[in-house]
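Note sheet for the following structure.
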2 protein chains.
Amino acid sequence: MTPPKTDPAPDGALATDLGWAIRLVSTAFAGVAADSVADLPGGARGYLVLVALATGEPPSQLALARQVSLDRTVMTYLLDDLEAHELISRRPDPRDRRARQVLITESGRERLAQVRKSLAAAENRLLVDLSAGEADQLRTLLSRVAQTAHRESLGPTEDC
Amino acid sequence: MTPPKTDPAPDGALATDLGWAIRLVSTAFAGVAADSVADLPGGARGYLVLVALATGEPPSQLALARQVSLDRTVMTYLLDDLEAHELISRRPDPRDRRARQVLITESGRERLAQVRKSLAAAENRLLVDLSAGEADQLRTLLSRVAQTAHRESLGPTEDC
DNA sequence: TATTGTTATACTCTATAACTATA
DNA sequence: TATAGTTATAGAGTATAACAATA
């Protein structure tokens, strides 16, 4: 929107800073992906929950919260919202009456498919300057680091 | 802190999700880097400002805000804090009496060097499962995407 | 006593808009 | 009229703690 104000050779040292790059890429991705998840209850978090629910056994809310690295208190709000829009449903766990199983609905799967398609386009916009091979490399490397981080519990408690 | 609760083969679809990976890596990096910037005024943002000031001509606050992708209103608070700790200084721009030039102090350079050293160790912790070559690839690819994003103004207004 | 889910409170952060002083 | 910097206000988002039900 704002026409760039020249900046011919902008950041000398910042350009090689990993934290800087992560921050910028993260922000930029959030930007290009915003439209894709804009009308989804809970936004990006709602998307993460739907993805997590799309495969495997119906988890408890707590297990789900751990899987997507969210606090269990925000999971309550998030699921309330998603359930109100009939994208997920909750039912009591027959084995443990404290817990509730979370399931994705058919409607939820349809919305997920739509959002995924839209997100794929957004990703391509973000990675437009990379070749197909480089984009794949980046995905692979990021995923590996992410899985390490998740496994090591380097940051599962909160988010940014 | 919390002992991982098994999760033998955790996320089927999430593992290949780029947004998920970016989010997790971003959070994990913030986690490992937190200690490094904990005692720095403004935390991670203070660091970014010091890095940006370490090279080149003293910028105006607005130019600095654009460079590190922060709003100019938060730049005021941030610089107040950094100046109170004598890590930066402000002086009037002789060419434009509305503007103020921002300079890093000697003390600021020393702190920056300390933080950088500590951050390098944190980065290594995050990338521990990657080979040296892979880590370099990741840095390079992320930087390229970040520079594209920054240039395209895909997300310069705010942050996460 | 510990755990699952829920709710309420306080706090932090950010966005928005106003204001000044210059240009 | 537009811009650089500052300040104040309101709103969103989060963490913390407390609570009820169950194990």
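Naming: A, B, ... by sequence-line order, numbering from 1 per chain. Predicted model, so just to flag it, every value in this text is computed and none were measured.
Between Arg90(B) and dG5(D) there is no side-chain N or O to OP1 or OP2 distance below 4.0 Å.
For the atom pair CG (Leu79(B)) and CG (Leu64(B)), the distance works out to 6.0 Å, reported to the nearest 0.5 Å. To the nearest 0.5 Å, the span separating CG on Asp39(A) from CD on Gln114(A) amounts to 8.5 Å.
Although no hydrogens or angles enter the test, the distance criterion places no donor-acceptor pair under 3.5 Å between the side chain of Arg111(B) and the main chain of Leu87(B). With hydrogens and angles disregarded, no donor-acceptor distance shorter than 3.5 Å links the side chain of Glu83(B) to the backbone of Asp80(B). The backbone N or O of Ser26(B) lies less than 3.5 Å from no partner atom in the side chain of Ser26(A), so there is not a single donor-acceptor pair. The main-chain N or O of Ser60(B) is never found under 3.5 Å from a side-chain atom of Arg100(B) such that the two would form a donor-acceptor pair.
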| Using a cut-off of 4.0 Å between protein heavy atoms and nucleotide atoms, how would you tag nucleotides 16-23 of chain D 5' to 3' with B, S and -? | BBB--BBS
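At whole-Å resolution of the value, CZ in Arg100(B) and P in dG5(D) are 8 Å apart. As rounded to whole Å, 14 Å separates atom P of dG5(C) from atom CZ of Arg91(A). One interatomic measurement links the two molecules: CG of Asp93(B) to C1' of dT3(D), which rounds to 13 Å at whole-angstrom precision. The distance between atom CG of Asp80(B) and atom P of dT7(D), rounded to the nearest whole Å, is 6 Å. Distance, Leu62(B) CG to dA2(D) C1': 13 Å, rounded to whole Å. Taking atom CZ of Arg45(B) as the reference point, atom C1' of dT12(C) lies 11 Å away to the nearest angstrom. Taking atom CD of residue Gln101(A) and atom P of nucleotide dG5(C), one finds them 10 Å apart after rounding to whole Å. Atom CG in Leu79(A) sits about 15 Å away from atom C1' in dT7(C), given to the nearest Å.
Each of Met75(B) and Val74(A) was assigned the nucleotide of DNA chain D with the nearest heavy atom; the assignment lying further toward the 5' end belongs to Met75(B).
With respect to Gln61(A), the side chain to side chain donor-acceptor pair (under 3.5 Å) criterion is satisfied by exactly one of Arg66(A), Gln101(A), Arg90(A): Arg90(A).
Across all strands, Ser60(B) comes closer than 4.0 Å only to sugar-phosphate atoms, never to a base (heavy-atom distances).
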